[in-house]
Amino acid sequence: MKQQGRNSRKLPQEILIFGENKHDSDSLKCLIEAINPSLNDRVLIRVQRDPGSLTKDANLPKIKDWMARISQTIEARAAVADIVGVIVHQDADGPDDSCAEILRSALTKNVTPPAYPVVPVQETEAWWYLFPDCLRGVKPIAWREVKMPTNINVESIFNPKEDLQRRTRVAAPKHAYSEADSLAVAQRMADAISKGIIPENRAPSWDRFLDLAKQL
């Protein structure tokens with residue numbers, strides 16, 4: 001009987017996430033699994049800690065080196081998994097996501113398989129304003145009285161991370177928001193999404209993220 005070679009076996013499918021830091025990456029993974037639960041039956045979403053994403057102001061040599069390191073990581077994982085998609089997160093750090101096209105172009109030229117940029121306008125924390133009760137629920141006693149805006153485009157909030165720190169510090173001086181709270185916020189948002197709860201605010205970059213997650 002002919003012995004099957006290593007390449008003949010079916011490898012498990014994976015989608016790789018590269019984020020600016022572990023908090024962003026873990027949060028994106030949590031949200032994608034809630035937005036598109038069908039992935040859970042067919043694809044493993046794997047967070048890659050290295051290389052972390054660059055800021056939007058990185059120069060060309062740094063971008064080239066970053067793309068090379070992402071490609072090396074993908075190649076290494078491809079030995080044990082069928083990589084069906086790559087997600088690269090980068091905060092816009094500004095009022096629009098024009099840097100997304102630059103990132104998309106770099107990924108298209110340098111990375112296979114299909115790679116998708118995820119670029120929250122301003123910062124990922126802007127998305128935490130979409131479901132204010134989810135934020136409050138992370139620390140239901142300390143943050144119960146945190147004042148949050150409603151019915152606005154949250155991308156108009158300059159430096160939302162610092163704004164969240166200020167709002168939570170006013171409500172609970174010893175329990176200001178930190179990036180370490182991100183996953184807990186995302187988990188509560190994921191639960192809200194699974195229950196069909198509508199956001200109290202809006203963010204076009206979030207809508208684009210929803211569309212991406214649904215098509216994976």
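Reckoned from all heavy atoms, side chains included, excluding hydrogens, waters and symmetry mates. Given the structure is predicted, the values throughout are model-derived calculations rather than measurements.
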Taking atom CD1 of I17 and atom CD1 of I87, what is their separation to the nearest 0.5 Å? 5.0 Å
With no hydrogens and no angle check, is any side-chain donor or acceptor of N36 less than 3.5 Å from a backbone partner on A213? yes
For D181, what residues pass the side chain to side chain donor-acceptor pair (under 3.5 Å) criterion, not counting sequence neighbours? none
Show every ring-ring contact (aromatic ring centres under 6.0 Å, His included) that has at least one partner inside residues 32-53, sequence neighbours left out. none
Residues in salt bridge (Lys or Arg N to Asp or Glu O under 4.0 Å) contact with K174, at least two apart in sequence or another chain: none
Mind checking whether S205 and V119 have side chains closer than 4.5 Å, heavy atoms only? no
Side chains of residues 130-137: which donor-acceptor partners sit under 3.5 Å, not counting sequence neighbours?
{"residue": "D133", "atom": "OD1", "partner": "R136", "partner atom": "NH1", "Å": "2.8"}
{"residue": "R136", "atom": "NE", "partner": "V146", "partner atom": "O", "Å": "3.0"}
{"residue": "R136", "atom": "NH2", "partner": "V146", "partner atom": "O", "Å": "3.2"}

Determine whether F18 and V47 satisfy the following criterion, side chain to side chain contact (heavy atoms under 4.5 Å, CB included), listing intermediate values before the conclusion. CA-CA 6 Å; F18 297 86; V47 169; over 6 Å; no
Show the atom names and distances, to 0.1 Å, of all donor-acceptor pairs under 3.5 Å that link a side chain in residues 60-69 to residues at least two apart or in another chain.
{"residue": "W66", "atom": "NE1", "partner": "G52", "partner atom": "O", "Å": "3.2"}
{"residue": "R69", "atom": "NH2", "partner": "D50", "partner atom": "OD1", "Å": "2.8"}
{"residue": "R69", "atom": "NH2", "partner": "D50", "partner atom": "OD2", "Å": "3.3"}

Does S25 use its side chain to pair, donor to acceptor, with the backbone of G19 at less than 3.5 Å? yes
Given the rule in the side chain to side chain contact (heavy atoms under 4.5 Å, CB included) test, do D163 and R167 qualify, once you have shown the distances and angles that lead to the verdict? CA-CA 6 Å; D163 188 69; R167 291 174 183 274; 2.6 Å; yes
Test side chain to side chain contact (heavy atoms under 4.5 Å, CB included) on H175 and T168 and set out the steps. CA-CA 7 Å; H175 298 279; T168 51; over 6 Å; no
When you compare the side chain of S27 with that of V185, does any pair of heavy atoms fall below 4.5 Å? no
Which pairs with one or both residues in residues 74-89 pass side-chain hydrogen bond (donor to acceptor under 3.5 Å, both in side chains), sequence neighbours excluded? E14-R77, H89-D91, H89-T124
What's the separation between atom CD1 in I32 and atom CD1 in I15, rounded to the nearest 0.5 Å? 7.0 Å
Report the residues that fulfil side chain to side chain donor-acceptor pair (under 3.5 Å) with S71, sequence neighbours left out, ordered by chain and then residue number. none
Which residue pairs pass the side-chain hydrogen bond (donor to acceptor under 3.5 Å, both in side chains) test with at least one member in residues 185-201, sequence neighbours excluded? D191-K195
Using a strict threshold of under 4.0 Å (side-chain N to carboxylate O), is an ion pair present between K161 and D93? no
Heavy-atom count around N151 CG within 6.0 Å, excluding the residue itself: above 12? no
Excluding sequence neighbours, so at least two apart, what forms side chain to side chain donor-acceptor pair (under 3.5 Å) with K139? none
Got a donor-acceptor contact below 3.5 angstrom from the D97 side chain to the A100 backbone? no
Considering only NZ, NE, NH1 and NH2 on the basic side and carboxylate oxygens on the acidic side, decide whether E33 and K29 come within less than 4.0 Å. yes
Full working for side chain to side chain contact (heavy atoms under 4.5 Å, CB included) between V84 and V43: CA-CA 9 Å; V84 296; V43 180; 4.3 Å; yes
With sequence neighbours excluded, give me every side-chain hydrogen bond (donor to acceptor under 3.5 Å, both in side chains) pair touching residues 102-119. E101-R104
By the ring-ring contact (aromatic ring centres under 6.0 Å, His included) test, which pairs, at least two apart or in different chains, include something from residues 180-216? W127-W206, W127-F209, W206-F209
Test side chain to side chain donor-acceptor pair (under 3.5 Å) applied to Y177 - qualifying residues, sequence neighbours left out: E125, W128, S182
